[in-house]
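Residue numbers start at 1 and run along the sequence shown. Because the structure is predicted, anything quoted here is derived from the model rather than measured. In listed order, ligands and their atoms are each counted from 1.
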Amino acid sequence: MNDLFGKPANKAAETPPAPKRTKSTAPEAPRLDEYSAKDIEVLEGLEPVRRRPGMYIGGTDDAALHHLAAEILDNAMDEAVAGHASFIDVTLEPDNWLTIRDNGRGMPVDPHPKFKNLSAVEVILTTLHSGGKFGGKAYATSGGLHGVGSSVVNALSEVLEVEVARDRALWKQSYARGKPTSKLVNAGSVHNRRGTTIRFKPDPEIFGTLTFQPARLYRLCRSKAYLFRGVEIRWVCAASLLRDKDETPAEAVLHFPGGLRDSLEADIGQSPRVLPIPWAGEANLPPASNGEATGRVEWAVAWLEEGEGFLHSYCNTVPTPQGGTHEAGFRAALVKGLRAWGEHRGNRRAAQVTAEDLMAPLAAKLSVFIREPQFQGQTKEKLTTPEATRLVETALRDRFDHFLAGDPASADNLLAFVIERAEERLRRKELKDTPRKSATRRLRLPGKLADCTRENAGETEIFLVEGDSAGGSAKQARNRETQAVLPLRGKILNVASASADKLRQNQELKDLIEALGCGVGERFDRAKLRYGRVIIMTDADVDGAHIASLLMTFFYRELPELVRHGHVHLAQPPLYRLTQGAKSVYAMDDADRERKLKREFKANAKVEVSRFKGLGEMPPMQLKETTMDPARRTLLKVVAPADDRAATNTLVESLMGRRPELRFQFIQDRARTVEEVDV
Ligand code: 0RA
């Protein structure tokens, strides 16, 4: 990459041949009265860009058009990342005018030592490879341009206007298709203002009728704001250009102090994750041997319970969709870190884990900032800086080890999850290699069961939850080694009033029996029960109580041995959370809430009362601490006193049979009034 001040510009070998003038790109002859002959080289330096735009921006299509915006925005981002600018205004106006303004140092306006007639601004905007790289030290990290940015945009713009506010003076200059149409003029003095403004209109001779899409530009701005938390991007778009007003606002202030963590959360939304909160952070890359800083890395990582993940990587805020050396370092740190954790825990199965087992379900963002990065190929979508691998691996390995050791329960959960995937992969392979033999031997389990990894029923339990949303929360809150989760959809049949036939056809109950493994009726075998505890966990409301009672009835009727041996339980999720200052207390129901409001809090200050609409709405951490964690929860055991069978039967009959008014009363009383419910 040429350093404009350090090396001779326009070395003979790089000087393009005199362009053949075609109609579409016909440049005006340089005005020799304003520019000396030796500067013509510089002025014509942009001609190749207009003749072969594809070489510089990858084509002349929609993506290429938006590339222009990205280049200019990247320059401003470089200024922000270097610590000189704190905001960037991006304004889209009718007639395809885009303005990008920063409050950085402003492009230098003094005469360039090499081209005495020209200001540095003009050299930057009219010379290929000059870009923003004025001397290696101007930016700690610089990427955007890949060295050519603003001049390429200038070359491909019908009109480009630059404004620099610097040292209390305002400077302006205009260009048409890369050629100045005015000198750089001092347009007066300014106070309290600094920075660079570029306003341009892409050339229809190049891009035809294509215009900037507000939604696409807005997404670009948002992703840049996520990538550097120190910048505020203010988006303004003429209302007349907005069609889908809900998705793209006319105005927005984009500033994300949470950085990549916010970005990842926005991307994965409510998808169930293996760990309740993403692993996110930032670190300096290890310094060079001479002690000089090498750069920074920032990351946010979650593992998805279901489906394929993604890895979005960036270098100096520029996307690297083809990955590269920074991704290699990231992958190595994670795999080695997790294997080491397995070893530390004495888990020999951890050794079979491959990068693929760990990476496929991973949803992650990785952003590095390094000086003078190298990219591969014309499209520059892959980072090739060789040192990046080692630097990223070293920086992340340490942090990942810390993260795992800091929360052993989560680390074990993650390890179990990945081992599960590794073993699944090996099983599939085995199945493929010897299809018949192993296929018949395998246990059939319902697809939506999130099983635990331990197999000894003495240490395991299964949570029966209502619906996919609650199922998602429960999967995140559980201990994956010992706790399985089975989401049951919709209301299961009312067992007491259903015929045996209907019962057997109910998919939810079929799944339940399959998961339990112990069979029903004639084939019942308690020794085959796969979980020591069966825990009914429904919402703390009337519907939840109804489902819980339907399930209890099912167990009582179809699997009475499980009830008799004390396997069946009710979880007790809270309905309210009461908060005053740092103190939080959970309440089971209205009465409990009133009691606790009186007893547990200071009377003079306000207590915030939040009501959980359902388990699916409860943050997984809270679900874990209140309801699922064996160390902190309370369970109700469902019992059927052997000597009171008749009475119990009557109770079940009256509650779950064909007398709705009794059932209604029961539901009102709620399933968790222990004495009534324990059938
Ligand atoms: C070259 C040198 C300096 C700043 C810039 C370019 C610069 C370029 C752009 C493009 C958009 N915004 C920009 N802001 C600054 C450093 C000048 C100095 O040392 O003061």
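Ligand 1 places these atoms under 4.0 Å from at least one heavy atom of Asp102: 11 (C), 12 (N), 13 (C). Atom numbering of ligand 1 starts at 1 in the shown order; those under 4.0 Å from a heavy atom of Arg105 are 3 (C), 4 (C), 16 (C), 18 (C), 19 (O), 20 (O).
Within the structure, the closest approach of Gly104 to ligand 1 does not fall below 4.0 Å when heavy atoms are considered.
Lys201 has no carboxylate O lying under 4.0 Å from a charged side-chain N of Glu161, or vice versa, which leaves the two without a salt bridge. Look at Lys382 and Glu327 and you find no salt bridge, because none of the NZ, NE, NH1 or NH2 atoms lies under 4.0 Å from a carboxylate O.
Taking the six-membered ring for Trp and thresholds of 30 and 60 degrees, Trp279 and Phe400 have ring planes inclined between 30 and 60 degrees apart.
Where the criterion is an N or O separation shorter than 3.5 Å, residue side chain and backbone included, Asn75 fails it with respect to ligand 1.
Residues His326 and Thr320 have side chains that bring a donor and an acceptor to within less than 3.5 angstrom of each other.
The option from Met107, Arg166, His84 that lies nearest to atom 18 (C) of ligand 1, judged by heavy atoms, is Arg166. Of the candidates Thr197, Leu125, Ile88, Thr196, it is Thr196 that places a heavy atom closest to atom 13 (C) of ligand 1.
If you look at His312 and Phe310, their ring centroids are closer than 6.0 Å.
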